[in-house]
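The next block holds one structure in the form of structure tokens; read it before the comments.
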Amino acid sequence: MSFLSLENASVSFGAGNSKIKILSDLNLEVKENEFVAIIGFSGSGKSTLMSLLAGLILPNSGSIKMKGKTVKEPGPERGMMFQNYSLLPWLSVYQNIELAVHQVFPHFSKIEKENHILHYLEMVNLLPAKGKKPHELSGGMKQRASLARTLAMKPEILLLDEPLSALDALTRANIQDEIMRIWQEDKRTVVMITNDVDEALLMADRIIPLTIGPEATLNDPFIVDIDHPRDRTTINANRNYKKLKVNVTNFLINMNLEAKKLNLNPHIPMPELTPDHLNHSRSNRTF
Amino acid sequence: MTKENKIYKSLLLEVYRKTIQALMLSIGFGAFALSANAEMLDLEKDELKLGFIKLTDCAPLVIAKEKGFFEDEGLQVEVIAQPNWKQLLDNVITGELDGAHMLSGQPIGATIGFGTQAHIITAYTLDLNGNGITVSNSVWEQMQENDPSLMSETPTHPITADSLKPVVEEKLELGEKLQMGMVFPVSTHNYEIRYWLAASGIHPGFYTSQDKKGFTEAQVELSVTPPPQMPATLEAGIISGYCVGEPWNQQAVAKGIGVPVTTNYDIWKNNPEKVFGVNKKWADENPNTHLALIKALIRAGKWLDETDMDGTLIHREEACRILSQKNYVGADFDVIKNSMTGFFFFQNTDKREMPDFNVFFKYHCSYPWYSDGIWFLTQMRRWGQITEAKSTQWYHETAKKIYRPDIYLEAARHLLEEGHISKKDIPWDTDGYKAPTNEFIDGITFDARNPIGYLNAHKIGNKDSLN
Amino acid sequence: MSEKRSDQIKYSILKFLDVTGFTVLDPVIRLIFREETDKQCKAIGKFLVVPILFLFFCLTMWWKIAPQHKTKSGEVPTPDKVWNSAKINHTFDYRETTKSEDFIARSESRKEILKQVQAQIVSIRSEAEQAKNQVLLMEEKFKNDFLPSKLEVPNTNLSNYLTEVNILSNRRKEELNVLKAEVMNGKTTKKEFVHFLEEQDKLVDQEKKILKELRSVISEIRSQKFKPLEKARSVYNNLANELQFLKKREEFLTKSNRSVRVQEANDKLQLSIEDLELATTEKDIYLRAKKVIRQKESIARLEGQQYASAVTVYKQIKRSIFTVLCGFLMAAIIAIPLGIMCGLNKVVMACLTPFISVFKPVSPVVWLLIFQIIVGAFFPDPETHPFFLFFSSIPYIGSLNINPALVFSACTVAICAVWPALVNTALGVSSIDKDHINVARVLRLGFKDRLFKIIIPSSLPYVFAGLRISLGVGWMVLIAAEALSSSDGLGKFVWDEYQNGSSYSFANIIYACFVVGIIGFCLDRIMIVLQRIVSFDGGTTSV
């Protein structure tokens, strides 16, 4: 049985004529302790998919199940790490994590709580900045703080929504390593959304492309059969890696071309209107 | 002290007071001088708040505080300026103030229910005279044209409204009414300016049950303006004249915006002006405190009117100095001094001696005369503030409900024993009615015993046939 | 190391300036620490020296223009007059405080002070005598030299013109008589006669006009002020006031002094007790015992007495600040929960919107009158109600004495100040970052936690921005309310001054204007600091 699954799930916004289907007929199965990367172009509905997995939005049709149970609301067992950090600006790094820990582990004693928080802060190398407010932190530090908060909830599944997209290359590599290290140390199920093929190949067990929206859906997965731990310096030499990178990239380029073709013949429904000054006969008016 | 106790006490005191009155009336005063009462009064309350309006005739209150007369009675009194007569009365009714400097008409108006209804009593008349009627420069010029004898720098007084009548009529022909100001519907000023106008055949308007402004049939419309705003309102041309107390007539002269044509001394010689009023309920609960207040006020009045061998008022300058303090009247010392020391500027060039312009104690004036109350009642009836005819009996009873010479006399008796006043200072055995007088601007005789007759003697105004 | 220390001090000062909003002084601090001296000097020149020069320029203009502008209600006071009135107010306060102190002064210190006061009285009395003579002298001079010299020309002009007019009018009368005769015997037509009369009327009007002008010149001169006389008067008035004050002090240190009076009462009590001892009959014992009790009670009262001093401007300030804070607190207590409810729930918002839109623009004057009536009806007796007894036992503010006037002023402030805070809170709550809500959802925070840990902290900057506006509005409203209702406070001070109509009233009102302004400024600054403290983004607040 899969750990987390989507069954024919669709999401649309709006109502009536202006109803737009963002995601349609999504089917996904994530196994326990698996690292899945979902890759797609920006604007294809990746964040919506993530919100769907987290339970922040519910599917219009189809269902989402975790360990066989239908998901109806968000919860700490699905630790979501938001794209733009979502740290509470009036709390220090420590307090931000404390808020989560306090909520998830209400039975912790004061010392247990403190140790727990400090453990995760150490894990993301943020101990020196624990008393700082978010606006005093750099982007990478904020991302790490956000990660620490998510991890500290000890979620059964980790949902990472383009966690590294806003970072410069160096910081990015740094945090990638950290996420991998943590995942190694403390095996969890992870679903990560990204737009970076290298990142996906480096980290994931499976890469699932998301087609270009509207009505985006998940395509067949690419299996990344490279053993963990992977080393970014040597992986480039891996044959599998090279082949997969070419395959995935080609797939994405083709998908993009197809989408562009479609766009050459755009079928956008237009209301049947004619400007007044062109049409003098009243009877032809639509309203 | 519990409430029952207080009521019981006040009842006892009532009985006591009645007995004294009866005894005094029957066996005369002297024999009843009790030695037991030479002690300090057993005060129910010793920290009091008294209200006043910024006019020089609040002097007895201010003097009693500043010269320590209140303190001699064991009272600590705060004297607080009030914004207007209505608020002052409201504060007395709600108990925010223990007592106040009031217009003579206010306790009467409140008790009979014209305006705010409350039983207010007075046991002390603060002063006589002290008001003036001022007209704007342009009206004065027109009056001069109508009566060339006014052209002089020192015209002969009294000046009647005869020369004003053509001005009023001219305006009426244009469909306008001359506008004049007075300070309050039940103020002496209202009755005085009405009396002055009516004496010359100008109708100042009736109050009716619908018309609370008193404009019915009016040839001149009188509206309420707070005293301090009078000069400014006159200068702005909103009103053409006003009747008000000091220092607001002298201000008009000093600023050159108007001419006082007459004072209330000419309208009714030695007319009562302000009283010290308290809530009846308060007086019943605090009889000894009330007595102590009246004692201090009598001493203040006497102090204000003290003269030397030549008859010069010796304390007035000091009084002006005190009144000019910003927490009291607050006007300039020199302005207050004019009228308070017995002078009055009718024009810049026309300074007259008016030794009786402000009387605080002379002529037994601080005694609360029933006849004063009856005069005000007749005026209220004359101008329709009392909407229906009343019997003579009613006039006497109402006056007796409000004016309380019994309290005044008891306070005076204490003072006499303590040696603060002499026997001639107080009219010990009067029945509360002044002798009939015709010292009015129109010469009509006022006999308080016959209010209806007096009412009917006037040409303009309501007339009654009841007895 | 020392370098670093001084840097620390510098930055903490700069931070303080930043938080309090006095960034204008920033270059000064940097200059003191010798940081880029050239740049700092330029900044000081631009943002400190120029504004100060401008201020001086305004003051000089005021000084120059004010005396030229005379109204009939008084002269526009110059800055020195306003300064003077500030001093007078201060003196007044000093005198009232001194009197209160004298009233309760005891034995030794009392005698000590009394000696000083008496010495002062002697010296000031002689000075006052001299000043009075000076006034008399100047009055004489005014009457006999100044006025006649100034009036000489206009008076002769007037009398000359009067004689001229007399001659002319006599001549016209003669002409009229001649013409009348001519009309009668037909020499002149009636039409011509009418014309002649018209011409004559015109002439008379013209004469009247000229006469009026001549007279007004004279009255103008008469109302002119004779500077030396004014000065002598003010010197004398000052001395006389001081003398009056000293005499009152003397009285308070002798016969009216509290301890003296208590002593006297004690002596009397002693006599009464002796009397009681001597009493033999049952009735006597009862009466005298009663008397002793009464005297004891009155002594107890006396011992607790304080001088009922006048309300000075400082007391008014204290009172106004207290009232505005009461009103502001009431506004905050109402506005914040309601605002949160509005922000959270659209139905509540829809329910309240009509009230907000209708009541927000209502003038404070209307509210004042409404509250005056309401409070008057519900106000309990302050002498027995437990709340008032409790309140008057609180130090510092206990003496402020809650009365209906204070309550309805505070209510007026509250109702006018409630709207900005309410609207801003609602806005703050409804515009909360969606991510923060998502965090709350993921954490499955309960309603209470969500409210207190996410919603309120996140909307605090808005709430404080609203409260700041509220306090500003409240302060403005309060002064107006106090002026209108004459409830104690700065508004009453202004109103009383207006009513006094003395030569210093105008200056006092301008003085009050500055006092009100400066206090309003301070309140606003306090709110800015609070706002800075709760704003988590470290951003600047508009000043």
Side-chain angles (χ1 to χ4, degrees), chain B residues 36 39-43 46-49 53-54 65-68 70-72 74-84 87 90-91 94-96 141 226-229 231-232 235 247-248 251 254-257 317-318 321-322 324-335 347-349, chain C residues 71-74 88-89 92 96 212 218-220 222-223 233 237 240-241 243-244 248 251-252 255-256 261 265 268 287 291 294-295 297-298 301-302 304-312 372 376 379 381 403-405 483-486 488 492 495-505 508:
Chain B
E39 288 300 324
M40 210 146 95
L41 288 159
D42 188 11
L43 302 174
D46 65 337
E47 286 176 5
L48 303 177
K49 287 179 183 171
I53 295 286
K54 288 177 177 274
K65 175 177 166 67
E66 285 294 319
K67 296 305 290 178
F70 284 136
E71 274 149 17
D72 286 351
L75 296 168
Q76 270 304 324
V77 177
E78 231 181 299
V79 182
I80 306 165
Q82 301 294 309
N84 53 54
Q87 187 112 37
D90 285 349
N91 283 344
T94 58
E96 182 59 28
E141 270 163 31
Q229 269 108 290
E235 198 186 357
W248 309 109
Q251 286 271 28
K255 289 174 180 169
I257 55 178
E317 187 152 334
E318 189 180 345
R321 179 74 57 204
I322 293 170
S324 70
Q325 278 182 29
K326 56 191 283 143
N327 50 328
Y328 300 130
V329 178
D332 286 349
F333 168 70
D334 297 298
V335 174
Q347 294 178 55
N348 253 330
T349 48
Chain C
T71 67
K72 279 185 176 165
S73 315
I88 290 174
N89 276 306
F92 185 62
E96 286 301 311
K212 200 176 160 187
I218 292 172
S219 74
E220 178 88 348
R222 278 186 189 280
S223 66
R233 269 191 187 149
N237 279 349
N241 285 339
L243 193 61
Q244 178 104 37
K248 188 80 192 169
E251 194 190 310
F252 271 173
K255 76 177 177 81
S256 292
R261 296 171 64 90
K268 270 191 191 162
L287 282 177
K291 192 168 153 190
R294 238 191 11 241
Q295 282 177 338
E297 275 173 3
S298 89
R301 260 205 322 262
L302 252 168
Q305 256 186 7
Q306 294 287 338
Y307 169 59
S309 72
V311 185
T312 64
Q372 220 165 349
F379 204 74
D381 180 13
N403 57 8
L484 186 74
S485 68
S486 247
D488 269 330
K492 181 175 159 89
W495 188 246
D496 278 353
E497 281 309 325
Y498 174 63
Q499 295 219 317
N500 282 351
S502 79
S503 51
Y504 260 102
S505 288
N508 267 327

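Throughout, protein chains are lettered first and strands after them, A, B, ... in sequence-line order, and every chain is numbered starting at 1. Predicted model, so just to flag it, every value in this text is computed and none were measured.
There is no contact between C:T312 and chain B, counting heavy-atom distances below 4.5 Å. At a 4.5 Å heavy-atom cutoff, B:V335 makes no contact with chain C through either its backbone or its side chain. In this structure, no portion of B:F70 lies under 4.5 Å from any heavy atom of chain C. For a residue to count as touching a neighbouring chain, one of its non-hydrogen atoms must lie under 4.5 Å from one of that chain's; by this rule B:I322 touches chain C with backbone and side chain alike. When heavy atoms are compared at a cutoff of 4.5 Å, C:S309 approaches chain B solely by way of its backbone atoms N, CA, C and O. There is no contact between C:D488 and chain B, counting heavy-atom distances below 4.5 Å. Looking at C:Q244, only its side chain comes within 4.5 Å of chain B, counting heavy atoms on both sides. With a threshold of 4.5 angstrom between heavy atoms, B:N84 does not approach chain C through any atom at all. Only the backbone of C:Q306 comes within less than 4.5 Å of a heavy atom in chain B; its side chain stays farther off.
Here B:N327 contributes atom CG and C:D496 contributes atom CG; the two are 9.0 Å apart, rounded to the nearest 0.5 Å. Distance CG/B:D332 to CZ/C:R233: 10.0 Å, rounded to 0.5 Å. With rounding to the nearest 0.5 Å, the separation of CZ in C:R294 from CG in B:L43 is 10.5 Å. To the nearest 0.5 Å, atom CD of residue B:E71 and atom OH of residue C:Y307 are 7.5 Å apart.
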Using side chain to side chain contact (heavy atoms under 4.5 Å, CB included), reason through B:I80 and C:V311 one step at a time and then give a plain yes or no.
CA-CA 9 Å; B:I80 306 165; C:V311 185; over 6 Å; no
Would you sort out whether C:Q305 and B:L75 count as a side chain to side chain contact (heavy atoms under 4.5 Å, CB included), showing the intermediate values?
CA-CA 9 Å; C:Q305 256 186 7; B:L75 296 168; 5.9 Å; no
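No other option in B:Q82, B:Q229, B:E47 has as many heavy-atom pairs under 4.5 Å with chain C as B:Q229. In terms of heavy-atom pairs under 4.5 Å with chain C, the best-connected choice from B:P226, B:A81, B:P227, B:P228 is B:P228. In terms of heavy-atom pairs under 4.5 angstrom with chain C, the leader among B:E66, B:K49, B:Q87 is B:E66. When each of B:R321, B:Q251, B:E78 is checked for heavy-atom pairs under 4.5 Å with chain C, B:R321 comes out on top.
A donor-acceptor pair is defined here as one N or O able to donate and one able to accept, closer than 3.5 Å; no such pair exists between the side chain of C:K255 and the backbone of B:G68.
Here the closest non-hydrogen pair linking B:P83 and C:S485 is CG-O, 4.3 Å. For B:K54 against C:Q499, the heavy-atom pair with the smallest separation is CD-CB, 4.0 Å.
Looking at B:K326 and C:E497, a side-chain N of the basic residue comes within less than 4.0 Å of a carboxylate O on the acidic one, giving a salt bridge.
Put simply, the side chain of B:Q76 does not reach to within 4.5 Å of the side chain of C:R301, judged on heavy atoms. Residues B:Q325 and C:N500 form no side-chain contact, since every pair of their non-hydrogen atoms from C-beta on lies 4.5 Å or further apart.
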